[in-house]
Amino acid sequence: MLASTPFTIALRDVLGERFRVHPDDCARSAVGGVVPKLVLSPRTLDEAARAVKIIAGEHASVVIRGAGTKSNRPPRRAEIDAVIDTSELRGVLEHKPGDLTATVAAGTPLQDLQFALRRYGQFFPSDAPFAASASLGGTLAANANGALRQRYGALRDNVLGVRLALSDGLVAFSGAKVVKSVAGYDTHKAFIGSRGTLGLIGEVTIKVAPLPATQRLLVASFADCASACAAATAIAGSPLFVMAMTLHDAGAAARVPALRASGAPPWTLAVRCGGSRVATVAQFDGAAALCKETGSDALRDIPAELVEPLWADIAELSAGAAYDPQSYVMAKFVAPPAQTHALVGAVRTAWPEAQISAHPYAGVLLAHIPAASASPQPGALWHACADNQWTVEFLSAPYARAQEFIAPLPAGLPMKVQRRLKAALDPAGTFDAGGFIGGI
Amino acid sequence: MDAAFIKRLQVIVGAAHTLSASADLRNYQYDGSVDQALPEVVVLPGSASEVAAVVAACNERGYPFLARGAGTGLSGGAVPESGGVVISTARLHRILEVDVANRLALVEPGVVNAEITAAVKQHGLCFIPDPSSQAACTIGGNIAENSGGLHCLAYGVTTNHTLGVEVVTPEGELVWLGGRTVDMPGYDLLGLFVGSEGTLGIATKIVVKLTPIQEAARTMLAVFDSVEDASQSVSAIIAAGIIPGALEMMDRTSTQAVEAFAHAGFPTDAEAILIVEVDGMAVAVDETAADVRDVCRRNHAREVRLAQTADERDRIWKGRKGAFGAMGRLSRNFYVQDGVIPRSLLPEMLREIAAISERHGLRICNVFHAGDGNLHPLILFDERKPGDVERAVVAGEEILRACIERGGSVSGEHGVGTEKRDCMALQFSPRDLELMSRIKLVFGNTGLCNPQKIFPTSRRCGESSRRLHRLEPEVAAAAGPAF
C-alpha cells in the first residue's frame with residue numbers, strides 16, 4: 001500500500017522530496033535495529049500533520065524518531081511502516097531572556113538549545129542523557145529526567161506549552177507561552193513520557209533558568225551503600241538546596257575518569273553545588289559535613305571550571321548513555337527516596353553483576369546488567385517491587401533479547417483510563433500501536 | 001429532586017450528612033466569585049468510597065454533581081450552575097500520614113492548605129503552594145484549580161508539588177493517578193487531572209511533596225515615583241539572574257487603600273511599590289538582598305527598605321494580602337482580572353491598562369504578582385450608575401485581549417470556571433479547544449461532573465461574567481479576601 005503511486009504523489013505534494021523509501025536510505029532512520037519502509041522528514045509541524053494523516057489513511061503505523069538515542073527501548077517492533085524523522089524540525093524559534101522562556105522546535109538537539117541559551121547566561125535546567133545528540137522532543141517523549149530535577153524540577157515542570165499534531169491531522173496548542181497559566185487542560189503534560197504514542201510534539205515552550213554564578217562539585221567516597229544513602233537523605237532533607245546528587249557503585253564510577261581518581265571506593269556520592277559564591281561555599285561545606293557525619297571516608301573538591309564537563313560525564317553515566325546497548329540491559333527503578341538503599345539491595349541480589357547509579361533525591365535507580373547474565377524476569381525482585389510500590393521499566397535491551405524484557409506494571413495503574421487517552425487522541429492507533437506500556 | 005434519591009444519599013452518607021433544607025442549601029450556592037446557584041442537595045461524605053457511591057447514584061439518576069472544598073475559589077468552579085448535588089469534602093479533613101524521610105504527606109481533600117505546613121514545620125518542611133486564602137482553602141480545591149501563591153514564582157504551583165491523587169472518576173470508579181514515587185510508568189494522568197477544575201473527577205486522597213524550609217528570608221519594600229520604573233525593576237531583577245521567592249507590585253491607589261486600614265508602612269505618595277522577598281541560606285541572603293536593592297536603585301527607586309523585624313515583615317505581607325479587601329473602601333464594586341503577560345512587557349501593559357481606564361472613565365488599580373507577569377487589575381465601578389457595569393465588562397475584556405495579544409493567558413491562578421469560559425476563545429483556537437474536549441472523554445464523560453465549566457458557551461467574552469463585586473468596606477477589610 002505504501003508503495004502505491006497515488007500515495008506517493010500525495011506525500012510528494014506535502015513533503016516534496018523530503019521522504020525516503022529506498023531501504024539504504026531508510027536504514028539511517030532505523031528504530032531498535034528495524035528499518036522502516038518509509039521515512040518522512042517534515043520541515044514544519046503542519047507538513048508533519050498532513051503527512052501523518054495521509055499515512056493514517058493507509059492504515060499504516062508511524063514511529064516518531066528524534067536522534068534515535070533511545071530507540072533500544074523494548075518492546076522491539078516486528079516491522080515499522082513509517083518513521084517521522086524530526087531532525088528537520090529544528091531551531092530555537094523564540095527566546096525571551098527577560099521572561100526566562102523559550103520556544104523551540106522539537107527536533108532541536110539539546111546541545112544546540114543549551115548553546116543558544118548560554119550566550120544569555122541561561123540554560124534549560126535538565127541534564128538529560130545523550131546530551132551530545134538527543135533532541136528536545138525525544139527527551140520529553142522519553143521523560144528522560146536527569147539529577148538536576150532536585151533543584152529545578154523534572155521535565156514536566158519546565159514545559160509550559162506544546163504545539164502538537166494528532167494522527168487525524170489536528171494541529172493544536174496546549175498550555176501557554178508564559179510562566180503561569182491555569183486556562184484549560186494541561187494536555188501537553190500527557191505527551192511528556194508518552195514515547196510518541198499520542199501524537200507528535202512539534203514546538204515546545206520551556207522555562208529556562210539563569211546559570212548559577214559559580215559551581216563546585218563534592219565527590220564523597222563511602223565504604224557502604226547505607227552510609228552513602230544516609231548522606232543523600234540528609235542532604236535532600238536539608239535547606240542546602242544543592243543543584244543535584246548522583247550515587248554510583250564502584251563499577252559505574254569506574255567509567256568516569258574523574259570519579260575513578262577517587263580510587264574506586266565501593267560507593268561514590270557526587271553533589272553539585274551552585275549559586276552565588278557565598279551560597280556555593282555554604283552548600284559545599286554543609287554537604288561535606290553531612291557526608292562526614294554519615295561516614296564518608298574521603299572527600300574531593302572539584303573546582304568551578306571542571307564541574308560542567310565532569311557533570312556531563314556523570315549525567316551520561318547515571319542515565320546509561322555510557323553503556324553499549326547491545327551488551328547491557330538497562331532498567332530504571334523508582335522508590336520513595338529514603339528506600340534507595342533497600343532498592344539497591346534488592347537489585348543487587350537479583351542481578352549481582354549489575355552496575356548501579358542513582359538519583360537519590362528522586363529515588364531513581366538505574367541498573368546496567370551485562371546482557372549475557374541478565375535474567376529478564378527476576379521473580380523475587382518483582383515481588384519486592386510490588387510489596388514496596390517500587391516501579392520498574394526497561395529502558396534498553398539488546399535487539400536479540402528485547403522481547404524478553406517486559407517489566408511488570410505497577411498494581412493499580414488505571415489501565416482503562418490510559419487506554420482511553422490513547423483512544424481519544426489517536427483512535428486509529430497510527431502512532432506506534434503496541435509500543436507503550438501494557439500493549440497500548 | 002425526588003425524595004427517593006435523597007433517601008438513597010442518606011443511606012450512603014448518613015442522614016446527618018445530607019442537607020436538603022433550603023436554609024442549608026443557601027450556604028452552598030456561592031464561592032469566592034459572585035456567581036450563585038442553589039444546589040438541590042448537599043452531601044458530606046466521610047470516606048472515598050462514600051464519594052464514589054454518591055457519584056454512582058448521581059450517574060444512575062442523571063443528576064449533576066460537583067465537589068466543594070472551602071468555597072474560596074474565584075471563578076465559579078464550586079457554584080452548582082446546573083443544580084444537582086454538591087459533594088462537600090468538609091468531613092474528609094485528616095492528614096493521614098507524614099513521611100518525613102521521603103518528604104511527602106498523604107492527606108484528605110478537605111485538609112486546609114496551611115494545616116499541612118503547620119503539621120510538618122517541626123520537621124523543617126513545608127508545602128510550597130501558598131495562595132493568599134491558605135488559612136481557609138483546602139488542598140482538594142488547590143488540586144482542582146492548580147493553585148499558585150505568593151511563592152510560586154521561585155518554587156512552582158500545585159501541579160509541581162503533587163505526587164499522586166486518589167480520584168473518583170466521573171463514572172464513579174476509584175483510581176490512583178500517580179502515587180508515592182516520581183516518574184510513574186504510563187501517561188501522566190496526574191498532570192491532566194491537576195487544574196482540571198473538578199471536571200474530570202473528585203480527588204479523595206492526595207500525596208503532596210514537602211520541601212525543606214529555607215534557612216532565611218529577607219523582605220524588602222522598594223518605593224518608586226513611577227510605575228514605569230517599578231516595572232522596569234521587575235524585569236531587571238529577573239534579568240540579573242535573581243529569582244526572588246516572591247515579587248509583588250502595588251500601584252498608588254492600591255497602596256493608599258491598604259495603608260488606610262492595614263498600616264503596613266506603605267508610602268501613600270509613591271506611584272508604585274515592589275515587595276521583594278529573597279530566601280536561601282543564612283549566609284547568602286543578605287548578599288542577594290543587596291543585589292536586589294542595587295537593581296532597584298539603578299531603576300530610580302527612591303527608597304529600598306529592608307524589613308528589620310519579623311513584625312515588620314508580617315505587616316508588609318498582611319498589607320499585600322489584604323489589598324483586595326481594602327478596595328471596598330474605594331468603590332462600591334470591583335471587577336478583577338487574572339490575566340498573565342510575559343513579565344518583560346509589564347511596562348507597556350501597565351500603560352495599556354491606564355489607557356483602557358481613561359477610555360472608559362473607570363479607575364483601575366493594580367495589585368499583582370509582578371514576578372511572573374500575573375496581573376490583577378481591579379476595575380472599580382458603581383453598579384448604581386447607569387452604564388458602569390457595561391463599561392467595566394468591556395474594559396475587562398479589553399485587558400484580557402491585551403494580555404492575549406502579548407502572548408499571555410486569560411488566567412494565571414484563579415481558574416476559568418464559569419467566569420472566564422467565554423474568554424477561552426481569545427486564547428485558544430477552535431482546534432486547541434477541540435483537543436481539550438477530547439480529554440473529557442478520557443476520564444469518562446457522563447456530562448454530569450461539574451458540567452458547563454471551562455468550555456465556552458455561545459456568548460462572547462465578558463457577557464457571561466457576573467463577577468462584579470459588591471463589598472461592604474468593613475466586611476471586606478476584616479475578611480481580607482484571598483488573591
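Quick caveat: nothing in here was measured; it's all calculated off a predicted structure. All values below were derived from every heavy atom in this structure, side-chain atoms included, with hydrogens, water molecules and symmetry-related copies excluded.
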Top contributor to chain A interface from Val340(B), Leu435(B), Ile341(B) [non-hydrogen pairs under 4.5 Å] | Leu435(B)
Side chain, backbone, both or neither: which part of Pro210(A) has a non-hydrogen atom closer than 4.5 Å to chain B?
-> side chain
Side-chain touch Val178(A)/Arg406(B), heavy atoms, less than 4.5 angstrom | no
Measuring heavy-atom distances to chain A, does Val175(B) have an atom under 4.5 Å in its side chain, in its backbone, in both, or in neither?
-> side chain
Residue part contacting chain A, namely of Glu287(B), when any heavy atom lies under 4.5 Å = side chain
Can you tell me how far the CG atom of Asp99(A) sits from the OG atom of Ser235(B), to the nearest 0.5 Å?
-> 7.5 Å
Are Arg420(A) and Glu171(B) close enough for a salt bridge, meaning some N to O gap below 4.0 Å?
-> yes
Chain A heavy atoms under 4.5 Å from Phe193(B): which part of the residue, side chain, backbone, both or neither?
-> neither
In terms of heavy-atom proximity below 4.5 Å to chain A, should Met436(B) be classed as side chain, backbone, both, or neither?
-> both
With a 4.5 Å cut-off on heavy-atom pairs, point out which of Asn146(B), Val416(B), Leu441(B), Leu192(B) contacts chain A the most.
-> Leu192(B)
Any side-chain heavy atom of Ile192(A) within less than 4.5 Å of one from Asp188(B)?
-> no
Tell me, out of Tyr185(A), Phe173(A), Tyr120(A), who's got the most heavy-atom pairs with chain B below 4.5 Å.
-> Tyr185(A)
Where on Glu393(A) is there a heavy atom nearer than 4.5 Å to chain B: the side chain, the backbone, both, or neither?
-> side chain
Portion of Asn374(B) that has a non-hydrogen atom of chain A nearer than 4.5 angstrom | side chain
Answer yes or no for Arg103(B) and Tyr361(A): cation-pi contact, defined as NZ/CZ to six-membered ring centre under 6.0 Å and angle to ring axis within 45°.
-> yes
Count the heavy-atom pairs under 4.5 Å between each of Gly156(B), Ser147(B), Gly241(B) and chain A, then report the option with the highest count.
-> Gly241(B)
Region of Leu433(B) that comes under 4.5 Å of a non-hydrogen atom in chain A | neither
If one checks every heavy atom of Thr280(A) against chain B at 4.5 Å, the contacting part turns out to be neither
Tell me, side chain or backbone of Ser196(B) under 4.5 Å from chain A's heavy atoms, or both, or neither?
-> both
Among Asn143(A), Val171(A), Leu166(A), residue most engaged with chain B (heavy-atom pairs, under 4.5 Å) | Val171(A)
Heavy-atom contact with chain A under 4.5 Å, split by part of Leu163(B) = neither
Of the backbone (N, CA, C, O) and the side chain (C-beta and beyond), which part of Leu200(B) lies under 4.5 Å from a heavy atom of chain A, both, or neither?
-> side chain
Taken to the nearest 0.5 Å, the spacing of Arg438(B) CZ from Asp168(A) CG works out to 4.5 Å
Which of the residues Thr187(A), Val179(A), Ile437(A), Asp186(A) is involved in the greatest number of heavy-atom pairs with chain B at under 4.5 angstrom?
-> Thr187(A)
dist Lys180(A):NZ -> Cys152(B):SG (nearest 0.5 Å) comes out at 4.0 Å
Validation row: Asp183(B), His359(A) side chains within 4.5 angstrom (heavy atoms) | no
Closest-packed option against chain B by number of heavy-atom pairs under 4.5 Å, given Lys177(A), Lys332(A), Gln122(A), Lys96(A) = Lys332(A)
For chain B, find which of Thr391(A), Leu170(A), Thr233(A), Val281(A) contributes the most heavy-atom pairs closer than 4.5 angstrom.
-> Leu170(A)
Once you round to the nearest 0.5 Å, how far does CG of Leu189(B) lie from NZ of Lys189(A)?
-> 13.5 Å
So, the part of Ala335(A) with a heavy atom under 4.5 Å from chain B: the answer is backbone
Using non-hydrogen atoms and a 4.5 Å limit, figure out which bit of Gln427(B) sits close to chain A: side chain, backbone, both or neither.
-> side chain
When the 4.5 angstrom heavy-atom criterion is applied to Leu100(A) and chain B, the contacting part is both
Applying a strict 4.5 Å limit to non-hydrogen atoms, the region of Pro337(A) in contact with chain B is both
Turns out that what part of Ala239(B) lies under 4.5 Å from chain A's heavy atoms comes down to neither
Out of curiosity, Lys416(A) NZ to Phe443(B) CZ, how far, rounded to the nearest 0.5 Å?
-> 12.0 Å
Proximity breakdown for Glu197(B) and chain A, heavy-atom pairs closer than 4.5 Å = side chain
Which residue out of Val364(A), Leu198(A), Thr101(A), Val392(A) racks up the most heavy-atom pairs below 4.5 Å with chain B?
-> Leu198(A)
Report yes if some heavy atom in the side chain of His414(B) is under 4.5 Å from a heavy atom in the side chain of Val182(A); otherwise report no.
-> no
Exercise: identify the closest heavy-atom pair between Gly169(A) and Arg431(B) = O-NH1, 4.0 Å
Measuring heavy-atom distances to chain A, does Ile454(B) have an atom under 4.5 Å in its side chain, in its backbone, in both, or in neither?
-> side chain
Can you measure from CG (Asp432(B)) to CG (Leu164(A)) and round to the nearest 0.5 angstrom?
-> 8.5 Å
Looking only at non-hydrogen atoms, find the nearest pair between Ser181(A) and Ser409(B) and report the distance.
-> OG-OG, 2.7 Å
